[in-house]
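Below, chain A is the first sequence line, B the second, and so on; all start at residue 1.
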Number of protein chains: 2
Amino acid sequence: MARNTDGLSRERIVETAVELLDSAGESGLTFRALSARLKTGAGAIYWHVANKDELLAAATDGALAGVTAAGRTPEEAIRAVAIDVFDAIDAHPWIGGQLARLTSQRTTLRILERLGQQVQALGVPAEALFYAASALLNYILGVAGQNAANARAQTWGTTRSEVIGAESELWASLDPAEFPFARAIAGQLRDHDDREQFLAGIDLIIAGIKQTSEAGTTQTSESGIK
Amino acid sequence: MARNTDGLSRERIVETAVELLDSAGESGLTFRALSARLKTGAGAIYWHVANKDELLAAATDGALAGVTAAGRTPEEAIRAVAIDVFDAIDAHPWIGGQLARLTSQRTTLRILERLGQQVQALGVPAEALFYAASALLNYILGVAGQNAANARAQTWGTTRSEVIGAESELWASLDPAEFPFARAIAGQLRDHDDREQFLAGIDLIIAGIKQTSEAGTTQTSESGIK
DNA sequence: ACCTGAACACCGTTCAAGT
DNA sequence: ACCTGAACACCGTTCAAGT
């Protein structure tokens with residue numbers, strides 16, 4: 001490593017793309033901006049990277065490479081995987097948008113693998129494994145997408161708590177006949193913590209997985225053993 | 001209604017945008033294509049619609065206006081909401097991508113309201129309502145995003161089952177040391193039904209919500225009553 | 001083998017000018 | 001009040017030409 005410091009390389013391109021995404025957001029990554037920062041021509045990048053989608057996938061893949069599954073129990077390990085993904089998105093909000101678009105199947109497959117191994121360790125019967133693990137993955141991807149959308153909706157000077165505060169007031173002022181629920185939880189929206197909310201959802205799914213698999217068979221039986 | 005058949009109107013613009021999205025996908029909606037179909041100038045649309053984001057939000061909102069919450073039990077009603085969203089995405093794949101981007105907060109708020117009312121009916125304690133309902137919403141949005149991504153990855157002539165079959169074979173051929181889980185469930189991936197998988201996830205979350213709220217307090221107590 | 005940079009075929013959006 | 005359509009300021013991608 002550390003060879004070829006001056007010449008262009010896929011590694012250096014992806015690295016610079018991440019810098020651009022971190023500092024200027026999704027819309028900041030441009031082949032022109034990228035080539036300017038790399039002091040090269042716009043077309044040169046295409047020698048090392050097929051197109052923008054591949055570049056984004058590589059950037060996402062790199063940023064999530066460190067997702068592990070440490071924990072003394074399967075439950076803890078599942079939470080650890082989820083937290084790793086959450087923290088990565090927190091540090092690089094653009095990851096959320098990419099994950100939700102699935103352009104990087106390799107990345108989601110790796111996360112699914114980590115989750116699935118722990119779901120297996122939970123004692124879930126073989127025929128229920130796929131649905132259980134993918135429920136966790138889809139939930140994580142949903143939160144990822146929302147976080148990215150929230151980050152995108154901000155930018156213009158406002159802080160997160162200002163946005164949440166305004167949204168909470170909006171909910172509190174809705175028509176009581178049509179939106180009783182939103183009104184009732186407006187206060188919880190204002191005071192909630194994103195990470196706690198995220199983990200509460202993970203815990204609900206884990207609880208559901210454990211309970212359903214303890215019950216012996218799922219409601220949709222006769223589908224596994226044939 | 002049915003007035004102004006010839007003149008441009010927000011209604012007619014949104015309607016035509018949906019046609020374009022349905023027939024040509026997300027990339028098919030262009031102000032040039034739209035104005036050509038409406039036999040008007042590209043700039044005329046801006047008189048009725050602020051920009052493309054607003055147009056997409058209006059299209060998404062319209063396509064999901066029919067989401068209801070019919071069902072004899074809260075569980076059934078939650079499933080009904082989820083199925084309505086799933087079916088709408090199935091019919092108009094571009095909705096998934098929009099929902100995951102949250103450009104249409106009104107739409108997601110309405111879905112959250114429907115889900116939340118039923119979660120309330122489930123007997124969930126007040127301080128756990130927000131997390132429970134948003135877990136369901138985030139899961140639904142996650143699946144929505146994945147469906148949209150799958151639809152996007154297809155287009156080029158291949159059928160859904162061909163794509164799934166190829167992916168299943170890939171999983172089966174992965175390194176057993178690194179991807180034991182993916183290998184184990186490759187068959188389930190091949191044979192699974194998208195709707196059944198989606199509903200299985202909903203059921204897991206419902207089971208988790210019921211079990212956690214029956215237990216009296218959640219792990220994260222002391223946060224609600226103060 | 002790798003890089004340059006002009007050119008191509010698009011975008012969303014604006015805006016003077018029309019009716 | 002509403003519409004026209006040329007123009008602006010961008011995009012991602014290609015490709016002849018260079019080294």
Nucleotide N/O of nucleotides 11-17 of chain C paired with protein N/O under 3.5 Å:
residue: dC11(C); atom: N4; partner: R32(B); partner atom: NH2; Å: 3.1
residue: dG12(C); atom: OP1; partner: K52(B); partner atom: NZ; Å: 2.6
residue: dG12(C); atom: OP2; partner: F31(B); partner atom: N; Å: 3.2
residue: dG12(C); atom: N7; partner: R32(B); partner atom: NH1; Å: 2.8
residue: dG12(C); atom: O6; partner: R32(B); partner atom: NH2; Å: 2.8
residue: dT13(C); atom: OP2; partner: Y46(B); partner atom: OH; Å: 2.9
residue: dT13(C); atom: OP2; partner: K52(B); partner atom: N; Å: 3.0
residue: dT13(C); atom: O5'; partner: Y46(B); partner atom: OH; Å: 3.1

Starting at atom CD1 of I13(B), determine the distance to atom C1' of dC2(D), rounded to an integer number of angstrom.
-> 11 Å
What side chain to side chain donor-acceptor pair (under 3.5 Å) pairs are there with at least one residue in residues 134-143 of chain A, not counting sequence neighbours?
-> S134(A)-Q197(B)
Sequence neighbours excluded, which residues qualify as side chain to side chain contact (heavy atoms under 4.5 Å, CB included) partners of A42(B)?
-> S35(B)
Set of residues satisfying side chain to side chain contact (heavy atoms under 4.5 Å, CB included) with respect to D90(B), sequence neighbours excluded | none
Considering only NZ, NE, NH1 and NH2 on the basic side and carboxylate oxygens on the acidic side, decide whether R195(A) and D87(A) come within less than 4.0 Å.
-> yes
DNA chain D in dot-bracket, Watson-Crick or G-U pairs under 3.5 Å, [ ] crossing, | other strand?
-> ||.|||||...|||||.||
Residues in side chain to side chain contact (heavy atoms under 4.5 Å, CB included) with E178(A), at least two apart?
-> D175(A)
Sequence neighbours excluded, which residues qualify as side chain to side chain contact (heavy atoms under 4.5 Å, CB included) partners of D191(B)?
-> none
Can you tell me how far P of dC2(D) sits from CZ of R12(B), to the nearest Å?
-> 15 Å
For atom CG of L34(B) and atom P of dG5(D), their distance in whole Å = 16 Å
W47(A) side chain near dC2(C) phosphate (N/O to OP1/OP2, under 4.0 Å) = yes
Please tabulate, for the side chains in residues 164-172 of chain A, all donor-acceptor contacts under 3.5 angstrom to protein atoms that are two or more places apart in sequence or on a different chain.
residue: E167(A); atom: OE2; partner: W171(A); partner atom: NE1; Å: 2.9
residue: S168(A); atom: OG; partner: A186(A); partner atom: O; Å: 2.9

Tell me, which pairs form a salt bridge (Lys or Arg N to Asp or Glu O under 4.0 Å) where one or both residues lie in residues 23-33 of chain B, sequence neighbours left out?
-> E26(B)-R152(B)
